[in-house]
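Reviewing the structure listed below.
These figures come from a predicted structure and were not determined experimentally.
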Amino acid sequence: MTPVVIHSDGACHGNPGPGAWAAVLTSGSHRRELSGAVPATTNNRMELQAAIEAFAVLKRPCAVEFHTDSNYLRDGITQWLPGWQRNGWRTKSKQPVKNADLWRRLAEAVAQHQVNWHWVKGHAGDAGNERCDELATAAIRELKQRCSREQLAANLEAFKADTKAAEAGGLLPLR
C-alpha cells in the first residue's frame with residue numbers, strides 16, 4: 001500500500017456560519033493541497049468534510065497517517081462509529097446521530113484504506129495543521145468576498161431551518 005500522510009482542518013466564522021475545510025496530502029515527494037468553503041455550516045461538519053475530500057482523491061488503497069486537531073473527528077471514526085452503525089445511526093440515548101450524512105460518507109471513504117488516526121493540538125506549531133488552517137481561513141475569506149452579507153445571512157437562516165427540521169424528524173441535513 002502506498003504510504004500517505006494527511007493533515008486536515010475545518011473552520012467556521014460563527015458556529016454555525018460561513019465555513020471551510022482544508023487538507024494537505026503528502027506521499028514521498030508528492031504534495032497536494034485541497035480546500036473548499038460553504039456559506040453556512042458548522043465547524044464539526046467542516047472537520048468531517050475535510051477528511052472526506054482528502055480520502056476522495058486517493059485512487060487506490062493506501063496506508064494513511066491521518067492528523068487532525070478535531071477530537072470529534074478522531075473519536076467519532078475510531079470509537080463511536082461502530083456503535084452508531086450497529087444502532088441504526090442512533091446514539092446510546094437513542095437520538096439520531098448528528099451529521100450522519102457525513103459520517104456515512106466518511107465511513108465509506110476510509111473503508112479501503114489502512115488508517116492510523118492522530119490528534120494534534122491546533123494552533124500549536126504543527127506545520128501540517130497550521131497550513132490547513134491557513135487554507136481554510138483563506139477559503140472563508142474568498143467566500144465572504146464572493147457573497148454579500150445578505151446572501152450569507154439567508155444561507156445561515158436556511159441552514160438553521162434545515163438543521164432544526166432534521167433534528168426533529170431524524171432526517172439528514174442537505175447542506
Handout entry: Side-chain donor or acceptor of Asp126 paired with backbone N/O of Gly128 under 3.5 Å
Key = yes
Problem - Ser27 side chain to His30 backbone, donor-acceptor under 3.5 Å - result: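 Here the side-chain-to-backbone pair does not exist.
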Exercise for the section: Would you please name every residue forming a side-chain hydrogen bond (donor to acceptor under 3.5 Å, both in side chains) with Ser29, sequence neighbours left out? Expected result: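 Listed in chain order: nothing, the list is empty.
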Exercise for the section: Under the side-chain hydrogen bond (donor to acceptor under 3.5 Å, both in side chains) rule, collect the residues that match up with Gln95, sequence neighbours excluded. Expected result: none
Problem - Pairing residues for Ala20 by the side-chain contact (heavy atoms from CB on, under 4.5 Å) criterion, not counting sequence neighbours - result: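 Listed in chain order: Ala37, Ala136, Ala139, Ile140.
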Problem - Test side-chain contact (heavy atoms from CB on, under 4.5 Å) applied to His123 - qualifying residues, sequence neighbours left out - result: Glu130, Asp133
Problem - Residue pairs involving residues 18-30 (criterion salt bridge (Lys or Arg N to Asp or Glu O under 4.0 Å); sequence neighbours excluded) - result: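 Not a single pair qualifies under salt bridge (Lys or Arg N to Asp or Glu O under 4.0 Å).
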Problem - With Arg31 via salt bridge (charged side-chain N to carboxylate O under 4.0 Å, His left out) - residues at least two apart - result: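 Arg31 satisfies salt bridge (charged side-chain N to carboxylate O under 4.0 Å, His left out) with Glu33 once adjacent residues are dropped.
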Exercise for the section: Determine which pairs satisfy side-chain hydrogen bond (donor to acceptor under 3.5 Å, both in side chains) with at least one residue from residues 9-18, sequence neighbours left out, and list them in order. Expected result: His13-Lys144
Please tabulate, one pair per line, all N/O donor-acceptor pairs under 3.5 Å involving side-chain atoms of residues 106-119, not counting sequence neighbours.
unit_1, atom_1, unit_2, atom_2, d
His113, ND1, Cys62, N, 3.0
Asn116, ND2, Glu65, OE2, 2.8
His118, NE2, Glu65, OE1, 2.4
Trp119, NE1, Asp69, O, 3.2

Practice task
Tell me who clusters with Val24, hydrophobic residues only, linked when side chains sit under 4.5 Å apart either directly or through other members.
Solution key: Leu135
Sequence neighbours excluded and cut-off under 3.5 Å, please list the side-chain donor-acceptor pairs for residues 53-61, or say none.
unit_1, atom_1, unit_2, atom_2, d
Glu53, OE2, Gln49, NE2, 2.6
Arg60, NE, Thr2, OG1, 3.4

Sequence neighbours excluded and cut-off under 3.5 Å, please list the side-chain donor-acceptor pairs for residues 72-85, or say none.
unit_1, atom_1, unit_2, atom_2, d
Tyr72, OH, Asn99, ND2, 2.9
Tyr72, OH, Trp103, NE1, 3.1
Arg74, NH2, Asn71, OD1, 3.2
Asp75, OD1, Gln79, NE2, 3.4
Thr78, OG1, Arg74, O, 2.7

Practice task
Please determine, by modelled atom types, if Thr91 and Ser93 share a side-chain donor-acceptor pair under 3.5 angstrom.
Solution key: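 Checked: Thr91/Ser93 side chains pair up, N/O donor to acceptor below 3.5 Å.
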